[in-house]
Amino acid sequence: MTEGRFPEGFLWGVATAAYQIEGAVAEDGRGESIWDRFSHTPGKVYQGHTGDVACDHYHRYRADVEEMARLGVGAYRFSVAWPRIFPQGRGQANPKGLDFYRRLIDALRERGIVPVVTLYHWDLPQALQERGGWAHRDTAYRFADYAAYLFDRLDEAVPYWITQNEPFVVAILGHVTGEHAPGLQDPMAGFRAAHHLLLSHALALQAYREGGRRHGRIGITLNLSPVEPAGDDPEDEAAARRLDGLLNRWFLDPLFRGAYPSDMVAHFAGLGLPLPEPPQEEMRAIAAPIDFLGVNYYSRQLVRHEPGEPLMAMRQVEGPLPKTAMGWEVYPEGLRRLLERLRHEYTGELPILITENGAAFDDAVSPDGAVHDPARVAYLRDHLLAVSRAIDDGVPVRGYFLWSLMDNFEWAHGYSKRFGVLYVDFDTQARIWKDSAHWYRRVIEANAVVD
Ligand SMILES: OC[C@@H]1[C@@H](O)[C@H](O)[C@@H](O)c2[nH]c(CCc3ccccc3)c[n+]21
């Protein structure tokens with residue numbers, strides 16, 4: 001394979017998530033989510049931005065699907081808002097909520113675009129949070145009920161299901177640092193949430209497998225990063241190993257080896273965080289075979305030993321490489337190395353989908369009405385070349401989903417960070433193709449990296 005070319009049938013896509021684009025938060029019976037509550041809590045989100053309107057995708061989805069068709073994508077990764085399906089998280093279903101996703105999937109299939117559905121992308125029904133949320137084991141069972149409800153009604157039309165998006169972020173940013181909803185700062189809640197998120201994945205996987213006439217493929221999406229020491233001090237190496245243990249291995253090991261990483265369990269026990277021994281049948285269920293692993297890659301983590309930091313004795317440091325508007329280093333080589341590591345240490349011949357990769361830059365509409373984003377084109381080109389090299393080395397990457405189709409609600413950053421290849425003017429809801437959209441369309445058409 002010549003560098004930058006992709007295998008026949010490679011799945012080219014774009015990705016979004018419900019709370020970040022839909023808006024219409026009180027329409028057609030949708031219940032409150034923890035991100036509605038969090039974003040409306042003063043001080044949590046940049047300038048008090050919320051997802052109340054976002055990209056108004058709930059009403060504009062047909063035009064957005066047309067934009068995807070113009071891009072030529074073969075697939076579209078989006079998430080279902082649990083509070084649209086079960087406004088209280090459990091019990092009474094809301095048919096109008098399901099109807100929206102039926103309309104969206106029909107519009108996609110009319111244009112020959114494959115739906116890739118994420119069951120959970122952070123918008124837990126608030127009513128479940130009030131019963132303990134992810135820190136409460138019962139939530140995992142409610143998730144499996146919600147998943148089975150969708151499998152039974154949408155499986156014919158959905159070839160790819162993703163159970164969870166980034167359990168690390170949900171557990172740690174939501175329950176330990178408090179940067180994300182529900183905004184808790186309680187390490188034990190974080191570890192309980194991490195386990196219940198993996199358990200929820202296992203229970204949904206069981207529901208899928210036992211559902212008999214299931215036609216599609218099911219997997220989970222993890223945010224994974226290479227973690228490197230900022231200096232050559234052995235203490236920095238040890239700090240990097242610890243963050244690798246929490247960021248990557250805390251989720252990869254249960255999913256692919258059936259146990260939490262013992263070095264990290266010992267580390268936390270040493271801190272007086274005696275993690276309860278999870279029931280063996282739960283660990284076996286978590287390690288049940290999946291059909292693909294979804295990988296979200298953005299950058300690397302650079303760490304130093306930090307004795308004063310109570311949980312991990314480490315701190316992240318700013319690296320020397322060029323950065324995106326998020327302050328994340330542009331490090332495409334890290335993606336190739338991550339994919340090689342995954343194949344050799346965890347996934348073997350299991351197919352991998354890059355379910356998110358992209359960058360935020362300070363985009364602006366220029367006087368000619370265009371949006372020139374050369375830095376994003378360079379970021380995407382270099383990361384696609386890295387994927388192509390990994391494939392040439394034999395890593396079975398089957399698809400790539402660019403984050404994101406359009407600028408959207410970037411969580412605690414609100415609308416201040418633009419990841420889209422389509423620029424959104426949030427005053428008019430106009431979508432404007434950035435140069436990167438024109439470029440990505442040509443890549444898809446050529447099935448290769450173009451200049
Ligand atoms: O930050 C860009 C995207 C989000 O908009 C997606 O919803 C989310 O799946 C996602 N994950 C990551 C990498 C992990 C991360 C998440 C949040 C904050 C910092 C890092 C980057 N992103």
Side-chain angles (χ1 to χ4, degrees), residues 13-22 33-35 38-39 44-46 49 51 54-55 57 76-81 116-124 162-181 183 190 194 197 219-227 243-244 246-248 250-251 294-303 316 318 323-331 334-335 338 353-361 363 376 379-380 383 400-422 424:
V14 288
T16 66
Y19 188 75
Q20 297 182 263
I21 67 168
E22 287 180 0
S33 79
I34 57 174
W35 267 96
F38 192 74
S39 65
K44 300 298 184 186
V45 176
Y46 174 81
H49 291 177
C55 306
H57 178 74
Y76 171 48
R77 176 183 177 230
F78 63 95
S79 76
V80 171
V116 176
V117 177
T118 306
L119 288 165
Y120 187 73
H121 202 125
W122 306 357
D123 44 0
L124 185 73
I162 295 165
T163 54
Q164 287 286 349
N165 180 74
E166 303 191 341
F168 169 88
V169 176
V170 178
I172 303 304
L173 275 73
H175 298 80
V176 181
T177 69
E179 295 165 83
H180 280 193
L197 285 156
I220 184 171
T221 279
L222 303 178
N223 57 290
L224 300 171
S225 294
V227 182
L243 181 58
D244 178 62
L246 181 61
L247 177 61
N248 299 317
W250 195 260
F251 300 91
V295 175
N296 289 357
Y297 176 83
Y298 288 86
S299 187
R300 70 172 172 183
Q301 306 293 332
L302 215 49
V303 298
Q316 294 177 265
E318 208 175 280
K323 294 175 189 58
T324 71
M326 297 294 278
W328 301 343
E329 284 183 300
V330 178
Y331 189 54
L335 177 50
L338 168 68
L353 294 177
I354 309 289
T355 38
E356 284 179 32
N357 175 246
F361 290 103
D363 304 315
R376 181 175 290 103
Y379 177 101
L380 295 171
H383 284 79
Y400 175 90
F401 292 80
L402 195 161
W403 186 271
S404 180
L405 167 69
M406 57 186 159
D407 300 335
N408 57 52
F409 178 79
E410 179 49 39
W411 308 113
H413 296 278
Y415 300 98
S416 69
K417 302 297 178 194
R418 294 177 176 271
F419 276 90
V421 290
L422 270 55
V424 176

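Numbering of ligands and ligand atoms starts at 1, following listing order.
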(message) Any donor-acceptor pair under 3.5 Å linking the side-chain atoms of T16 with those of Y76?
(response) yes

(request) Please state whether the rings of Y379 and F361 are parallel, tilted or perpendicular, taking 30° and 60° as the class boundaries. (result) perpendicular

Atom pairs and distances, ligand 1 N/O vs protein N/O under 3.5 Å:
residue	atom	partner	partner atom	Å
ligand 1	1 (O)	E410	OE2	2.7
ligand 1	5 (O)	Q20	NE2	3.0
ligand 1	5 (O)	W403	NE1	3.2
ligand 1	5 (O)	E410	OE1	2.7
ligand 1	7 (O)	Q20	OE1	2.7
ligand 1	7 (O)	H121	NE2	2.9
ligand 1	7 (O)	W411	NE1	2.9
ligand 1	9 (O)	H121	NE2	3.3
ligand 1	9 (O)	N165	ND2	3.2
ligand 1	9 (O)	E356	OE1	3.0
ligand 1	9 (O)	E356	OE2	2.7
ligand 1	11 (N)	E166	OE1	2.8
ligand 1	11 (N)	E166	OE2	2.7
ligand 1	22 (N)	E356	OE1	3.4

(message) Check the orientation of W122 and H180. Use parallel for under 30°, tilted for 30 to 60°, and perpendicular for over 60°.
(response) tilted

(request) Measure the CG-CZ distance between L246 and F251 for me, rounded to the nearest 0.5 Å. (result) 6.5 Å

(request) Identify the residue among Y297, Y400, Y298 that makes a side-chain hydrogen bond (donor to acceptor under 3.5 Å, both in side chains) with N357. (result) Y400

(message) Less than 6.0 angstrom from the centroid, inside 45 degrees of the normal: does R300 satisfy that with respect to the ring of Y331?
(response) yes

